[in-house]
Amino acid sequence: MRVSRRLVVDTNVFASAIIFPRSVPRQVVDHVLDHGVVIFSEATVSELAEVLSRSKFDGFVSRAERELFLAQIESAAEFVPIIQLVRACRDPKDDKFLEVALNGRADVIITGDADLLGIHPWQGIALASPSNFEEARLVRVDTISF
């Protein structure tokens, strides 16, 4: 029996996925939603909702499509209460992703953020860019060190 990976997906990956439907971030998001468990905290889903509501995305994707995308992600995700706070990233705004990963026992954080990628691995949790995750997924994720 194969155990589903528990994954944190950074806001920047979700935003790229909705704007560029044929991109590597979109392929990763689709794969994660189909084959893994996406974990969120109140802080990470709030940030995603705020980012996706920005008018700068209006020229790429309609507001209705972004709202539907967010609703689909929220319905598929597992919400994790944050019990243990984290202060480990150079950019404190990114600590919320480490918190959900630690509290939710994530296997991987998928991010395009250099501050997060720079601390790989962290607390036994892999941090991978969408392209590294996609490449490893095609080979076999459990055999690759990010």
Side-chain angles (χ1 to χ4, degrees), residues 3-138 141 144-146:
V3 177
S4 292
R5 289 185 161 266
R6 297 176 60 76
L7 301 119
V8 174
V9 180
D10 195 342
T11 301
N12 59 57
V13 177
F14 281 125
S16 293
I18 186 71
I19 294 169
F20 305 109
R22 298 190 199 296
S23 66
V24 170
R26 183 54 181 249
Q27 292 169 23
V28 168
V29 167
D30 289 345
H31 175 79
V32 167
L33 291 173
D34 289 344
H35 302 288
V37 176
V38 176
I39 56 175
F40 270 129
S41 68
E42 193 61 43
T44 59
V45 78
S46 292
E47 179 182 270
L48 180 58
E50 187 276 320
V51 167
L52 292 181
S53 71
R54 293 178 183 167
S55 61
K56 73 178 186 176
F57 295 118
D58 291 348
F60 297 98
V61 182
S62 73
R63 191 167 297 271
E65 288 174 292
R66 286 177 277 159
E67 289 171 1
L68 178 61
F69 181 75
L70 179 61
Q72 290 171 332
I73 291 167
E74 285 182 308
S75 70
E78 177 184 317
F79 282 83
V80 174
I82 302 304
I83 308 298
Q84 188 172 354
L85 297 177
V86 171
R87 300 295 172 253
C89 192
R90 185 176 71 169
D91 182 352
K93 292 184 292 186
D94 293 328
D95 283 331
K96 67 180 144 291
F97 297 103
L98 299 174
E99 288 174 348
V100 72
L102 182 65
N103 286 273
R105 299 175 324 279
D107 298 299
V108 180
I109 300 171
I110 304 170
T111 182
D113 188 300
D115 289 326
L116 286 170
L117 291 169
I119 61 173
H120 164 75
W122 179 79
Q123 299 285 324
I125 302 166
L127 289 97
S129 69
S131 58
N132 286 346
F133 181 82
E134 181 67 4
E135 181 180 300
R137 180 184 76 78
L138 294 173
V141 172
I144 301 294
S145 175
F146 292 105

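Side chains are part of it too, since the values below use all heavy atoms of this structure and drop only hydrogens, waters and symmetry mates.
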Report task. Could you check if a side-chain atom of Phe133 sits within less than 4.5 angstrom of a side-chain atom of Val32, using non-hydrogen atoms only? Result -> yes
Query raised in the report: Does the side chain of Glu78 reach to within under 4.5 Å of the side chain of Arg6, using non-hydrogen atoms?
Result: yes
Requested in this report: Please identify each residue that fulfils side chain to side chain contact (heavy atoms under 4.5 Å, CB included) with Ala49, with sequence neighbours left out.
Outcome: Leu70
Report summary line: Here the gap from Ile82 atom CD1 to Asp95 atom CG, rounded to the nearest 0.5 Å, amounts to 11.0 Å
Query - Note, Asp58 side chain near Arg63 side chain (heavy atom, < 4.5 Å) - result: yes
Report task. Taking Asp91 for its side chain and Asp115 for its backbone only, find out whether a donor-acceptor pair lies under 3.5 Å. Result -> no
Report summary line: Heavy-atom nearest pair, Ser23 first then Ala17, reads OG-CA, 4.3 Å
Report task. Quick one: pull up CG in Leu7 and NE2 in His35 and give me the separation to the nearest 0.5 Å. Result -> 12.0 Å
Query raised in the report: With under 30° as parallel and over 60° as perpendicular, where do the rings of Phe69 and Phe14 fit, or are they tilted in between?
Result: perpendicular
Query - From CA spacing to verdict: salt bridge (Lys or Arg N to Asp or Glu O under 4.0 Å), Arg87, Glu99 - result: CA-CA 9 Å; Arg87 300 295 172 253; Glu99 288 174 348; 3.0 Å; yes
Query raised in the report: Looking at side-chain heavy atoms only, is the closest gap between Leu116 and Trp122 below 4.5 Å?
Result: no
Report task. Compare all side-chain heavy atoms of Leu98 with those of Ile109 and state whether any distance is below 4.5 angstrom. Result -> yes
Query raised in the report: Is any side-chain heavy atom of Pro130 closer than 4.5 Å to a side-chain heavy atom of Ile110?
Result: yes
Report task. Heavy atoms only: give me the nearest Leu117-Gly112 pair and the separation to one decimal. Result -> CD1-C, 4.2 Å
Query raised in the report: Roughly how far, to the nearest 0.5 Å, is the OG atom of Ser41 from the CG atom of Leu102?
Result: 12.0 Å
Report summary line: Minimal heavy-atom distance between Ala15 and Ile18, with the atoms involved, is O-CG2, 3.2 Å
**Report entry** Test item: Val108 and Ile125 side chains (from C-beta on) under 4.5 Å apart, heavy atoms
**Finding:** no
Report task. Please list all pairs passing the side-chain hydrogen bond (donor to acceptor under 3.5 Å, both in side chains) test where one or both residues lie in residues 103-112, with sequence neighbours left out. Result -> Asp10-Thr111
Requested in this report: Search all heavy atoms of Phe40 against all heavy atoms of Ala77 and return the closest pair with its distance.
Outcome: CD1-CB, 3.3 Å
Query raised in the report: Got a salt bridge between Lys93 and Glu47, using NZ or NE/NH1/NH2 to carboxylate O under 4.0 Å?
Result: no
Query raised in the report: Heavy-atom count around Phe60 CZ within 6.0 Å, excluding the residue itself: above 12?
Result: no
Requested in this report: Grab the two heavy atoms, one from Ala106 and one from Ile39, that are nearest each other, plus how far apart they are.
Outcome: CB-CD1, 3.7 Å
Query - Leu127 versus His120, closest heavy-atom pair with distance - result: N-ND1, 3.1 Å
Report task. Could you walk me through whether Phe20 and Arg26 pass the side chain to side chain contact (heavy atoms under 4.5 Å, CB included) test, one step at a time? Result -> CA-CA 7 Å; Phe20 305 109; Arg26 183 54 181 249; over 6 Å; no
Query raised in the report: Hey, mind stepping through Phe57 and Val51 against side chain to side chain contact (heavy atoms under 4.5 Å, CB included) and telling me if it holds?
Result: CA-CA 9 Å; Phe57 295 118; Val51 167; 3.8 Å; yes
Query raised in the report: So do Arg5 and Val37 actually touch side chain to side chain, heavy atoms under 4.5 Å?
Result: no
Requested in this report: Begin with the C-alpha distance, continue with both residues' side-chain angles, and end with the deciding distance and a verdict on side-chain hydrogen bond (donor to acceptor under 3.5 Å, both in side chains) for Glu65 and Ser62.
Outcome: CA-CA 5 Å; Glu65 288 174 292; Ser62 73; 3.1 Å; yes
Query raised in the report: Does Asp113 come within less than 4.0 Å of Arg90, counting only side-chain N to carboxylate O?
Result: no
